[in-house]
Amino acid sequence: MAESDTCRLLGFPDGFLWGVATAAPQIEGGLDLDGRGESIWDRFARRGGVAGGLGALEACDHYRRWEEDVAHLADLGVGAYRFSVAWPRVFPTGGGRPDRRGLDFYRRLVDALVKRAVRPAVTLYHWDLPQALQDRGGWANRDTAYRFCDYAATLFRHLGADVPLWMTHNEPFVVAYLGHVTGEHAPGLRRPWLFARVAHHLLVSHGLAVRAFRQLAPAGSRIGITLFLWPQQPASDRPADVAAARRADAAVNRWFLDALLKGDYPADVRRYLARRLAGPPVRPGDAELIAEPIDFLGVQYYSRVVHRADPWNLFQGSRQLPPAGPTTAMGWEIYPEGLYEVLTRIHRDYGPVPLYVTECGAAFDDRPAADGRVHDPQRVAYLRDHLVQLHRALTAGVDVRGLFVWSLMDNLEWHHGLDRRFGLLYVDFDHGRRRIPKASFAWFREVVRQNAVAMPGPAGGGEDE
Ligand code: GCO
């Protein structure tokens with residue numbers, strides 16, 4: 001390395017945890033293998049909710065190719081791998097006796113990771129509810145929260161000793177909103193009045209699982225939850241726009257942050273929802289349950305949303321402005337400063353809770369070049385610019401312990417199907433699902449190895465080595 005490169009390195013604290021993330025329904029496939037039960041995403045895809053239909057859910061065939069994927073993780077040199085357990089593999093109908101084959105799959109995966117010094121970070125619910133539970137009302141039914149706790153306890157017992165980081169839920173806002181308000185995600189409902197009810201039951205199930213964890217998990221392993229936390233900003237300083245952005249922030253961000261870290265839902269949005277739709281069905285003791293202390297909070301950041309007041313929007317009284325600047329293949333504005341804003345905001349408004357950025361990444365239209373390699377300088381620039389903002393937050397005193405890139409490999413981007421490529425590994429879905437490390441894979445390996453990010457030189461090069 002040249003002297004000048006050393007000067008342009010932005011170093012991270014010792015022990016900073018670098019990782020990559022995936023989720024079972026987005027990579028595993030193997031829908032019919034080893035007794036796996038039907039998930040709400042299978043049913044949703046069968047009904048036409050997913051581009052590419054049920055076949056797209058075969059995704060990366062990770063259920064069969066997991067050893068190859070673990071080898072890629074080892075090659076990448078990451079300290080941790082965040083993945084989710086498929087509830088329908090462990091309890092095909094949501095409850096009863098666990099299926100040994102499902103548990104054994106995750107046991108083998110965890111053992112292989114531990115052997116390669118990659119720490120497993122397990123998400124319990126990344127959106128694949130057993131369809132049998134949906135048939136009984138899904139998350140709109142409080143009973144699902146108790147079923148979730150049983151499922152969580154089973155995993156704590158089986159894997160607890162080897163999993164240092166657990167996450168109860170992935171982005172409960174997205175489950176409540178895209179699954180039950182807009183219907184873009186499974187179970188595909190358009191019933192805005194269910195938002196607060198579903199969100200509440202998700203949080204109750206989180207609290208129950210945290211309490212079970214305290215009894216069952218070995219000392220030293222930690223539990224938290226991951227939240228979708230995008231800044232919601234006003235389009236102008238007109239009072240109506242400012243109020244609209246504030247309301248959106250309350251529904252998207254504060255609803256969850258306040259309940260988990262302050263022990264109450266924000267009064268403004270609670271009143272608003274109760275008046276226009278329906279409030280959360282809170283029972284005595286729920287507030288304390290939800291605010292059961294967690295060991296860390298997972299922050300998932302991709303972009304921001306800018307709001308213009310619109311009284312015709314029933315849910316939040318605003319509409320979203322189209323992005324002003326460059327976007328990713330998701331149509332999301334590239335706004336790295338937002339990561340700094342989110343991290344410092346949590347620190348300021350909620351105190352010094354340990355944070356992990358449990359997802360950050362971007363989709364671009366990658367394809368192999370004539371030389372067979374996949375050059376993705378946009379992803380490298382995206383990640384680098386976000387790491388710079390993360391570093392800024394660390395310098396400002398925010399307690400961020402690690403970052404997980406979304407994602408290890410191209411995978412099923414929910415209703416969009418297989419063509420939104422977020423991976424560091426390119427997956428050739430047409431030819432045997434071959435994995436090809438992209439240029440960003442090599443770039444991230446260097447970040448991990450050096451525990452530092454190299455800043456671009458005056459010519460702006462060094463991105464596609
Ligand atoms: C989410 C999920 C991931 C997505 C990723 C890109 O944050 O929506 O956790 O499953 O695939 O965020 O949209």
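Order of listing sets the numbers, starting from 1, for every ligand and every atom in it. Heavy-atom basis, side chains included; hydrogens, waters and symmetry copies ignored.
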Fill in: NZ or CZ of R82 within 45° of F404 ring axis and under 6.0 Å
no
Discussion item. If the cut-off is 4.0 Å to any non-hydrogen atom of W414, which atoms of ligand 1 fall inside it?
Written reply: 3 (C), 4 (C), 10 (O), 11 (O)
Worksheet entry | Numbered atoms of ligand 1 (with element) below 4.0 Å of Q300, judged on heavy atoms | 7 (O), 9 (O)
Worksheet item: For atom 13 (O) of ligand 1, which protein heavy atom lies nearest, and how many Å away is it?
Response: E413 OE2, 2.6 Å
Worksheet item: Among W139, W87, F228, which residue meets the ring pair (Phe, Tyr, Trp, His ring centres under 6.0 Å) test with H169?
Response: W139
Worksheet item: So with a 6.0 Å cut-off around CZ of R434, is the heavy-atom count from everything else above 12?
Response: no
Discussion item. Checking a contact table here: which protein heavy atom is nearest atom 5 (C) of ligand 1, and how many Å away?
Written reply: Y302 OH, 3.2 Å
Discussion item. Tell me whether W332 has any N or O atom under 3.5 angstrom from an N or O of ligand 1.
Written reply: no
Worksheet, complete the sentence: of all protein heavy atoms, closest to atom 1 (C) of ligand 1 is E171 OE1, 3.1 Å
Worksheet item: If you count the non-hydrogen atoms of other residues, nucleotides and ligands that lie under 6.0 Å from CZ in R211, is the total more than 12?
Response: yes
Fill in: Any R420 heavy atom less than 4.0 Å from ligand 1
no
Item to complete: Report the nearest protein non-hydrogen atom to atom 3 (C) of ligand 1: residue, atom name, distance rounded to 0.1 Å.
Response: E359 OE1, 3.5 Å
Fill in: R392 charged N/C atom sitting above Y340 aromatic ring, 6.0 Å / 45°
yes
Worksheet item: Hey, is D162 close enough to R107 for a salt bridge, meaning N to O under 4.0 Å?
Response: yes
Worksheet item: N170 heavy atoms, cut-off 4.0 Å: which ligand 1 atoms fall inside?
Response: 2 (C), 9 (O)
Discussion item. Taking a cutoff of less than 4.0 Å between a non-hydrogen atom of the residue and any ligand atom, is W406 in contact with ligand 1?
Written reply: yes
Worksheet entry | Flag if over 12 foreign heavy atoms under 6.0 Å of CZ, R367 | no
Response to the item:
In this structure, atom 10 (O) of ligand 1 is nearest to the protein heavy atom Q26 OE1, 2.6 Å
Worksheet item: Just wondering, are more than 12 heavy atoms of other shown residues or ligands nearer than 6.0 Å to CZ in R119?
Response: no
Fill in: Nitrogen or oxygen of W127 less than 3.5 angstrom from that of ligand 1
no
Discussion item. Distance under 4.0 Å to a non-hydrogen atom of F422: what atoms of ligand 1 satisfy this?
Written reply: 6 (C), 13 (O)
Worksheet item: Does NZ or CZ of R222 lie under 6.0 Å from the centre of the six-membered ring of Y356, at an angle within 45° of the ring axis?
Response: no
